[in-house]
Amino acid sequence: MQQTRKKTILKAAVCLVLLAAALIGLRNQQYLLTLLNFVCMYMISVSGLDILFGYSGQISLGHAAFYASGAYTSALLTTKLGVPVWLAIPAACLVSLALGIIVALPASKLIHHFLALLTISVGQLVYILISRASFTNAMTGIRSIPNIPLFGYELKSKYFFLIFMILMVALFLIIKQCIIHSRVGRAFQAIRENPVAAGGIGINVQKYKIMAFAISAVYTGFAGAMYAHFVGFISPETFTSAQSVMFMTMLLFGGMGSFSGPLIGAAIVTFLNETLQVLGSYRMMVYGAFILAVLLFLPHGISGLIDIVKQSLFKNRGKEDRHADA
Amino acid sequence: MLTLDQATIQFGGLTAVDHVSFTVEKGQIFGVIGPNGAGKTTLFNLVSGVHKLTSGSIRFLDKEISGLEPYRIAESGIARTYQNINLFSNLSVLENVKIGRHIQSRSGLAAAIFRTPAQRREEAAIQDKCMELLTFMGLESKADLPAKNLSYGEQRRLEIARAMASEPQLLLLDEPAAGMNSTEKVELTEMIRNIRNMGITILLVEHDMKLVMKVTDLITVLNFGKMIALDTPQKVQNNPEVISAYLGGGIDA
C-alpha cells in the first residue's frame, strides 16, 4: 500500500511538472489556448455523462439540455438581473440539478431504447424552448456575458482562464472518484451490472438512478456555465442534438466507466474535429470512420487500449524476472 | 418468522403458486422441493418481492411484506440467491460482497464527497467484514478477480457471501448446489449448517435430494403450484403422493 501511494504521488508530481512546462510554453498560443479551454469544459461535461452512462448504465442522448440549462442560467442571471458571477455559477448548477431530477423522475422507470428516446426528446424540448422563448432572445442568443472575476481580477486572458479550468477539472475529477469509490458509487455500478440483483440486495434502484442523473446534470451544467462565461456569447446553435451526440462520442471514444476515458475522449475528439477541418466536406466521413473503428475494435475506448498495452508490458516484465531468478 | 397464508399467484390462466400456506420458524432450515415447474422459484420470487401476490398474504416478523418493493423486503431482513446466477459480473469479487453491505451502512453522497471521518471508518469496517465473509466462503484469494472469472461453484458461493453481507435474518437459497461437483456439495452442506448456527433461518430450494434430506428440518413439496406435503425429511421420502409426483402416477391414480 505504502509503495503504491508513493508511486501515485510521484506520478502526480511528474504530471504537474509537465503540465506547468506545457502551460509556460503555451502562453502566447491563442488558438491552442482556446481549444484547451474547450477541452477542459468537455472533460467535466463528459465525466458527468460517464457517472450516468459509464457507471450507472443509464444512457442519455440529450445531455445538451443540461449544458444549455447551465449556460443559460448563468448568462441570464448575470446579464439580465446583474447577479454576481460567483452566485450565478452555483445557481446554474442548481437549476441543472433540478432539471436532472425532473428528467430522471420518468427516466428512472425506463430502460435501453425507451430511455434513449426520452433523453433525445428532453434535448429537443430544451432546444426548442431556448430557440423560441423571448426571455432567451430566441435565435439571437445572449451577448456580453461577463467574464469570471477571481480575487479582483477578471479571467480575461485565455491563459488564466485555462489555469482556472484545469483546477476545476481536477476538482470535479476528485469528486467523481470519491463518489465512485463509495457506497453510492457501488450502488450505481450494481444497477449498471444487474438491476434485479441490486434491488434484491436492498438498493433503492429508482432513487439511485435519479441521483446519478442529478449528479451528471450538475457536471454538464457547470461546464455549460463555464462555456457561457468563457465565450461571452451563447445562442441555441451550440445546444443542438449534435452537441449531445458529441458528448456521447467523446465518452465512447475515450472509454466509459474509467478515470481517464472522458479526459482522453474529450481531448482527442476536440483536436480531431479541428484537424479534420482541412478535409472540408469530407470531414464528417473521416470522423465517422474513426468513431466506427473505435466502437468496433476498442469496446473500452482508448483508455481500454492503454490498459491492454500496459498489461502486456507488465506480463513481459514478469517473464524476464522469472528468467532472472532461474 | 415467515408465514405464508393461502399465497396465490396467477400468470394469465396459469396458477403458478396455488393457495400455499406454511410457517418457517426461527432457526430452521426449511426445504422446498418439487418437480420442474412446480412453482418453487416463483414462490421465492413472491417472498423476495419480484412478483406480487394475486391473493393471500406473506408475513415476515409479524409484518405484511407482500406488495413491498424488493429493496424494502431486503431492508426488512430477507436476502436471497438466484437459481440463474445474478452477480455483478464485471465488478470484483470483493466489490460484489461490499454491495451486499448496502443496507448495513449509512454514508450518503455528501459524506462520500467530503470523505468524512465517519465515512472512512464505515468503509474500513465494510472492507474488514467483507474479507471475513469471503474467508468464510473460501473465496479470500479471489477477492480482486472479476466475478465473471470465477467457476460456477465459486459464483454460487459468492452469491451466498453477498447475501450474508446484508446480515439477513432469513436467507433464501435458490438451488445453491446446481452445477457443483460432489466435493463442493459436501462443503456446501457444511456451510449451510454453519450459516444456520450463526442464527440465520434458511429457506432452501434444491434439486439435490441427498443434500436436502441431510440439512433440512422440515420440507414442503410443491407440485403444479399446490402444496402436497409438509413434513420431516424421513416422512416426506415415504409419502406416496410425493413419490408419484416425482415418478409419475398411474392413469387412475
Side-chain angles (χ1 to χ4, degrees), chain A residues 1 4 51 54-57 93 97 100-101 108-109 171-216 218-219 255-258 299-300 304 307 311, chain B residues 44-45 48-50 69-82 84-92 94-116 119-120 122-123 126 130 146-148 159 162-168 172 174:
Chain A
M1 283 296 267
T4 51
I51 292 174
Y55 285 97
S56 314
C93 293
L97 177 90
I101 293 173
S108 61
K109 291 178 182 157
L171 176 71
F172 275 86
L173 279 179
I174 290 169
I175 294 176
K176 182 186 167 197
Q177 289 308 104
C178 284
I179 294 172
I180 296 310
H181 297 288
S182 76
R183 176 169 170 266
V184 175
R186 285 194 296 270
F188 287 167
Q189 293 171 76
I191 292 168
R192 175 194 70 194
E193 291 291 315
N194 194 325
V196 173
I201 203 67
I203 293 168
N204 183 344
V205 173
Q206 206 190 351
K207 175 181 144 187
Y208 281 94
K209 278 185 181 177
I210 293 172
M211 212 190 266
F213 256 102
I215 296 169
S216 183
V218 169
Y219 272 67
M256 55 181 185
S258 73
H300 298 290
D307 283 345
Q311 263 174 14
Chain B
F44 263 35
N45 285 340
S48 63
V50 176
E69 288 292 314
Y71 80 91
R72 290 254 181 233
I73 292 175
E75 281 173 351
S76 76
I78 299 179
R80 69 170 292 181
T81 66
Y82 299 85
N84 51 340
I85 296 171
N86 262 329
L87 286 169
F88 307 118
S89 42
N90 289 308
L91 301 182
S92 77
L94 180 61
E95 280 170 318
N96 268 272
V97 187
K98 281 184 169 183
I99 290 166
R101 291 299 290 167
H102 188 82
I103 58 172
Q104 292 295 338
S105 44
R106 286 284 151 268
S107 295
L109 189 60
I113 293 172
F114 296 109
R115 294 271 135 167
T116 59
Q119 193 262 359
R120 287 174 193 224
E122 192 175 82
E123 281 295 312
I126 290 172
C130 291
K148 63 181 174 193
E159 282 225 329
R162 180 180 64 186
M164 294 278 291
S166 69
E167 292 181 25
L172 314 180
D174 198 351

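When reading the values below, keep in mind they use all heavy atoms of this one structure, side chains included, and skip hydrogens, waters and symmetry mates. Each chain gets a letter, A, B and so on, in the order its sequence line appears, and its residues count up from 1.
Heavy-atom distances place both the backbone and the side chain of B:Ser89 under 4.5 Å from chain A. Only the side chain of A:Ile215 comes within contact range of chain B, judged by heavy atoms closer than 4.5 Å. For a residue to count as touching a neighbouring chain, one of its non-hydrogen atoms must lie under 4.5 Å from one of that chain's; by this rule B:Arg72 does not touch chain A. For chain A, no part of B:Ile73 is nearby; none of its heavy atoms comes within less than 4.5 Å. For B:Glu159, no part lies under 4.5 angstrom from a heavy atom of chain A.
Here the closest non-hydrogen pair linking B:Glu75 and A:Gly202 is OE2-O, 4.3 Å. Across every non-hydrogen atom of B:Tyr71 and A:Asn204, the tightest pair is OH-ND2, 3.0 Å. The two residues A:Ile201 and B:Ala163 come nearest to each other via the heavy atoms CD1-CA, 4.0 Å. Annotation for A:Ile203 and B:Ile99: closest pair CD1-CG2, 3.6 Å, computed over non-hydrogen atoms.
For the options B:Glu69, B:Arg101, B:Lys98, heavy-atom pairs under 4.5 Å to chain A are most numerous at B:Lys98. When the candidates B:Arg106, B:Arg80, B:Glu95 are compared by the number of heavy-atom contacts under 4.5 Å with chain A, B:Arg106 comes out ahead. Across B:Arg162, B:Glu122, B:Gln119, the residue that shares the most heavy-atom pairs under 4.5 angstrom with chain A is B:Arg162.
Residue B:Tyr82 holds its OH atom at 7.0 Å from CG of A:Asn194, rounded to the nearest 0.5 Å. In this structure, OG on A:Ser182 lies 8.5 Å from CD1 on B:Ile113, to the nearest 0.5 angstrom.
Under a 4.0 Å N-O distance rule, the pair A:Arg186/B:Glu123 qualifies as a salt bridge.
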**Message:** One pair to check against side-chain contact (heavy atoms from CB on, under 4.5 Å): A:Ile174 and B:Arg115. What are the steps and the verdict?
**Reply:** CA-CA 11 Å; A:Ile174 290 169; B:Arg115 294 271 135 167; over 6 Å; no
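With sequence neighbours left out, B:Ala74 forms a side chain to side chain contact (heavy atoms under 4.5 Å, CB included) with no residue at all.
Side-chain contact annotation: B:Ser107 with A:Arg183, donor-acceptor N/O pair under 3.5 Å absent.
Partner of A:Glu193 under the side chain to side chain contact (heavy atoms under 4.5 Å, CB included) criterion, chosen from B:Asn96, B:Asn86, B:Asn90, B:Leu87: B:Asn90.
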Show me the side-chain donor-acceptor pairs of residues 205-213 of chain A shorter than 3.5 Å, one per line, residues at least two apart or across chains.
from: A:Gln206; atom 1: NE2; to: A:Ser108; atom 2: OG; distance (Å): 3.1
from: A:Tyr208; atom 1: OH; to: B:His102; atom 2: NE2; distance (Å): 3.4
from: A:Lys209; atom 1: NZ; to: A:Ser108; atom 2: O; distance (Å): 3.3

